[in-house]
Asks: 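Have a look at this one before I ask anything.
Below, all heavy atoms of this structure are taken into account, side chains as well, without hydrogens, waters or symmetry copies. Lettering follows sequence order; numbering is per chain, from 1. Small disclaimer: the values here were computed from a predicted structure and weren't measured.
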Protein chains: 2
Amino acid sequence: MAAEPPRARARRRDPEAARTIRDVAARAGVSTATVSRVVNGNYPVAAGTRTAVERAMRELGYVANAHARALAGSTTRVVGIVVSEIVDPFFAYIARGVQSEALSSGRLCLVCSTQGGDSAELRFVDLLLEQRADAVILVGGAVEDQEYFATIGQRAEQLAKSGSSLVLCGRPGLKAGVPAYAVDYDNAGGAAAITDHLLSAGHTRILYLGGPTTLSTTTARVRGFRQAYAARRLEHDPALVRTGAFGRQWGHDQTLRALDDGLDFTAVFAANDIVAAGVYAALRERGLSIPGDISVVGYDDVPVAVELQPALTTVRVPLEELGRAAVRAGIAGQQPSADPFAHQQQATTLGTVVVVRDSVAPPRAR
Amino acid sequence: MAAEPPRARARRRDPEAARTIRDVAARAGVSTATVSRVVNGNYPVAAGTRTAVERAMRELGYVANAHARALAGSTTRVVGIVVSEIVDPFFAYIARGVQSEALSSGRLCLVCSTQGGDSAELRFVDLLLEQRADAVILVGGAVEDQEYFATIGQRAEQLAKSGSSLVLCGRPGLKAGVPAYAVDYDNAGGAAAITDHLLSAGHTRILYLGGPTTLSTTTARVRGFRQAYAARRLEHDPALVRTGAFGRQWGHDQTLRALDDGLDFTAVFAANDIVAAGVYAALRERGLSIPGDISVVGYDDVPVAVELQPALTTVRVPLEELGRAAVRAGIAGQQPSADPFAHQQQATTLGTVVVVRDSVAPPRAR
DNA sequence: TTGAAAGCGCTAACAG
DNA sequence: CTGTTAGCGCTTTCAA
């Protein structure tokens with residue numbers, strides 16, 4: 001076969017393939033630059049030309065290629081969020097806030113769920129790094145491990161280099177100087193407040209139940225729990241803190257065990273509402289009434305709190321707002337107007353509030 | 001200033017910017033083609049060369065640019081899923097299945113939540129089209145509207161053209177010839193089965209409650225509900241079907257209204273478990289016991305079903321498996337080995353099972 | 001086994 | 001207001 005000019009390969013494009021900006025330009029009789037201008041609407045184009053281009057796009061069923069755009073321009077219009085479990089309402093609500101705020105800034109949301117896989121988080125961050133996401137949001141308590149912090153810090157640097165930013169949501173920030181934002185809520189404060197609620201009702205032997213022992217969320221909540229005792233100059237029995245995991249099953253089993261161990265307590269502070277659901281189930285099995293025999297409180301205020309009978313007194317966390325704030329923080333760095341020196345670590349902390357329902361009563365006299 | 005050669009602009013790259021394949025090639029003293037080969041590991045490269053390249057990558061902190069890759073190659077390694085509400089466990093579980101199956105095929109998952117916005121779905125499909133997602137999965141009941149079907153069908157064609165595919169998950173398929181896959185579960189069958197469960201217990205006046213009237217899911221479930229009556233040659237009172245919306249509040253309000261209207265029923269079939277939660281709340285307010293006074297069943301078997309007291313008898317839908325199946329169907333078309341004629345509409349239907357718990361008892365004699 | 005070079009589709013100077 | 005053109009970073013022939 002005769003040698004064809006090199007361009008021949010390109011010319012022989014699959015006629016079925018998606019239309020490109022060049023096809024539109026040809027059909028409308030203008031240049032690709034003009035098509036780009038009408039698509040982006042960020043530059044003056046004569047009305048007639050615009051109409052012609054728009055018609056050509058419609059007739060051809062033209063759809064811009066986001067990758068070409070990301071490559072040529074600079075922003076990807078995508079934010080990434082990494083959670084540990086998308087079906088957990090705690091994360092689902094945050095994800096909802098992220099997705100809606102992303103959408104209102106014209107971005108799509110890449111959601112990654114690690115399903116508890118420890119190292120999966122880092123893998124996802126790398127994947128998101130490849131995607132050049134405008135912002136990468138890491139949600140939920142982190143393992144408090146220095147080495148891990150260092151690795152994440154290093155990723156933050158890389159992210160910053162490629163023009164995007166890392167946002168830590170619902171977990172403590174990194175050390176100063178690392179280009180990461182932190183958007184958190186007052187974990188310890190909420191725990192202290194609800195503990196105080198229990199203390200006010202007369203409980204002093206409160207069992208704190210749940211949360212992976214090494215998780216930052218757990219340590220913060222336990223800290224708040226202790227602070228509430230300290231604030232009233234009350235002693236707290238260390239045997240009454242049992243951490244280990246989240247989850248309904250875990251809450252159920254540990255409650256039974258605490259009862260079997262003959263632990264003396266009149267109330268339980270479940271690490272979150274899901275654990276509280278397990279506590280309810282266990283107490284019910286043992287014929288103990290809530291709050292008659294034992295008072296129970298939770299944390300997060302996810303929907304199950306109102307399905308439980310009696311309705312659960314818990315700490316409301318502004319989950320959606322947390323997600324929104326994370327996106328705002330993450331894309332703020334993208335704004336051309338942003339002060340370059342502002343790209344230091346910044347932190348936002350949202351407040352929490354105790355929602356009083358029906359699961360707390362004064363301890364039974366004995 | 002003296003005129004610089006045109007390339008100057010490009011040469012003056014921000015030295016802080018992310019490293020490219022060219023940087024790695026330079027550092028390793030090889031060509032970019034070689035780097036590409038070691039990155040993709042799909043072509044023989046001398047061991048020594050490979051090592052040198054790998055070291056250069058490590059030293060430079062090189063991270064491939066997914067957009068450049070998508071542009072040059074063809075597959076994007078991203079699947080998109082659009083749901084109506086990410087915090088709804090029904091969708092969250094499907095999303096979990098999608099995300100985990102996507103991950104195991106090395107893909108990331110773009111999750112879009114329309115938050116009930118009617119036309120948002122189409123907008124998201126277009127966005128996903130721009131992303132050239134390997135597969136676009138539309139989840140949940142669709143409005144049964146011919147025009148809408150036509151529009152979606154048209155998008156399916158476009159998707160097919162750009163090498164990706166549309167998967168309808170938990171909703172009926174499009175008409176034959178349209179390049180879309182359908183992965184659904186047996187909506188009518190599940191409804192019929194649980195209705196029969198109620199009928200067996202002796203109920204004949206069952207109130208069907210919930211679901212947007214025009215939603216395919218609703219029509220399918222109501223159809224199954226009626227079929228169960230028909231199968232036993234029983235009459236069914238049309239006044240006992242009240243559709244309109246999903247949601248706890250709606251279930252609550254409508255139950256109250258049905259009671260106030262003096263409707264005669266001994267059991268309620270809630271369109272889903274969330275609606276059932278509302279029914280429980282309303283019945284409790286009126287001092288009616290479940291299942292003593294009224295039996296209740298739900299649909300979906302999401303976690304709240306076991307928190308309700310008494311635990312809810314419901315229909316288990318293989319949500320996660322649905323999501324996984326959708327991804328498999330969607331990326332199957334991508335396989336080079338795929339028979340091009342196989343790209344016809346295909347459908348998969350998963351089964352459902354009735355989960356018997358404590359919310360059904362024979363109707364009270366009267 | 002490796003390199004050179006031509007694009008993938010789009011944006012953004014720059015020059016009319 | 002519009003066209004030209006040089007890339008963005010990568011993959012993939014084609015040649016060596």
Asks: Say you draw a straight line from CG of A/Leu127 to CG of A/Leu122; how long is it, rounded to the nearest 0.5 Å?
Replies: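 If I round to the nearest 0.5 Å, the distance is 11.0 Å.
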
Asks: Check the distance between C/dG9's C1' and B/Glu130's CD and give it to me in whole angstrom.
Replies: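 That distance rounds to 13 Å.
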
Asks: Would you say the base of D/dG3 and the side-chain of A/Arg37 have a donor-acceptor pair closer than 3.5 Å?
Replies: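 Under the 3.5 Å cut-off, the side chain and the base do form a donor-acceptor pair.
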
Asks: For B/Val39, report the nucleic acid contact type (base, sugar-phosphate, nothing); a contact means any heavy atom under 4.0 Å.
Replies: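 The residue B/Val39 makes no contact with any strand.
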
Asks: Atom CG of B/Asn42 to atom P of D/dT11: distance rounded to whole Å?
Replies: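 The answer, rounded to whole Å, is 8 Å.
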
Asks: Hey, is B/Glu101 close enough to B/Arg107 for a salt bridge, meaning N to O under 4.0 Å?
Replies: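 Looking at B/Glu101 and B/Arg107, the cut-off is not met.
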
Asks: Among the nucleotides D/dC10, C/dA12, D/dT2, which one has an atom lying closest to any side-chain atom of B/Ala64?
Replies: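 Nearest listed nucleotide: D/dC10.
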
Asks: Taking all atoms of both residues into account, what is the closest heavy-atom pair of B/Cys112 and A/Leu108, and its distance?
Replies: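 Minimum heavy-atom separation between B/Cys112 and A/Leu108: SG-CD1, 4.3 Å.
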
Asks: Over how many whole Å does the gap from B/His67 atom NE2 to C/dG7 atom P extend?
Replies: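 Value for this atom pair: 24 Å.
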
Asks: For the CD1 atom of B/Ile21 and the OG1 atom of B/Thr32, what is their distance to the nearest 0.5 Å?
Replies: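 Interatomic distance, B/Ile21 CD1 to B/Thr32 OG1, rounded to 0.5 Å: 5.5 Å.
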
Asks: Check the phosphate of D/dG9 against B/Arg69, side-chain N and O only, distance under 4.0 Å to OP1 or OP2. Yes or no?
Replies: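 It does not, given that no N or O in the side chain of B/Arg69 lies less than 4.0 Å from OP1 or OP2 of D/dG9.
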
Asks: Could you tell me how far apart A/Tyr43 (OH) and D/dG3 (C1') are, to the nearest whole angstrom?
Replies: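 Rounded to the whole Å, the gap is 12 Å.
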
Asks: If I compare all heavy atoms of B/Val39 with all of B/Arg69, which pair ends up nearest, and what's the gap?
Replies: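 In terms of heavy atoms, the two residues are closest at CG1-NH2, 3.5 Å.
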
Asks: Is the phosphate of C/dC8 approached by A/Arg22 (side-chain N or O, under 4.0 Å from OP1 or OP2)?
Replies: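 It does, given that an N or O in the side chain of A/Arg22 lies less than 4.0 Å from OP1 or OP2 of C/dC8.
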
Asks: Rounded to whole Å, please give me the gap between CG in A/Leu71 and C1' in D/dA6.
Replies: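 The distance from CG of A/Leu71 to C1' of D/dA6 comes to 13 Å, rounded to the nearest Å.
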
Asks: A/Asn65 side chain: which of C/dT11, D/dT12, C/dG9 is closest?
Replies: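 Within the option list, the nearest is C/dG9.
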
Asks: For D/dG3, does OP1 or OP2 lie under 4.0 Å from any side-chain N or O of A/Ser31?
Replies: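 Result: yes.
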
Asks: Using 4.0 Å as the upper bound for N to carboxylate O, is an ion pair formed by A/Arg55 and A/Glu59?
Replies: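 Looking at A/Arg55 together with A/Glu59, the answer is yes, because their closest N to O distance falls below 4.0 Å.
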
Asks: Any side-chain N or O of B/Ser36 less than 4.0 Å from the OP1 or OP2 oxygen of D/dT11?
Replies: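 Result: yes.
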
Asks: Mapping A/Thr49 and B/Ala72 to their closest nucleotides on DNA chain D, which lands nearer the 5' end?
Replies: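 The residue closer to the strand's 5' end, by nearest nucleotide, is A/Thr49.
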
Asks: Can a side chain N or O of B/Tyr62 be found less than 4.0 Å away from OP1 or OP2 on D/dC10?
Replies: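 Checking D/dC10 against B/Tyr62, a side-chain N or O does come within under 4.0 Å of OP1 or OP2.
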
Asks: DNA chain C: B/Val30 or B/Arg132, which has the more 5' nearest nucleotide?
Replies: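 Going by which nucleotide is closer to the 5' end, it is B/Val30.
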
Asks: Side chain of A/Ile21 only, heavy atoms from C-beta on: which candidate in D/dC10, C/dG3, C/dT11 is closest?
Replies: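 Side chain of A/Ile21 sits closest to C/dT11.
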
Asks: Could you tell me the separation between the CG atom of B/Asp23 and the C1' atom of D/dC8, rounded to a whole number of Å?
Replies: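 To the nearest whole Å, that distance equals 13 Å.
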
Asks: Out of C/dA4, C/dC10, D/dC10, which has the shortest distance to the side chain of B/Ala33?
Replies: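 When the side chain of B/Ala33 is considered, C/dA4 is the closest of C/dA4, C/dC10, D/dC10.
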
Asks: Does a side-chain N or O from B/Thr34 land closer than 4.0 Å to OP1 or OP2 of C/dG3, or not?
Replies: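 For B/Thr34, the contact criterion (side-chain N or O under 4.0 Å from OP1 or OP2 of C/dG3) is met.
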
Asks: Under 4.0 Å between any heavy atoms, over every strand shown, what does B/Val35 touch: base, sugar-phosphate, or nothing? Just pick one.
Replies: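 No contact at all - B/Val35 keeps every heavy atom at 4.0 Å or more from the nucleic acid.
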
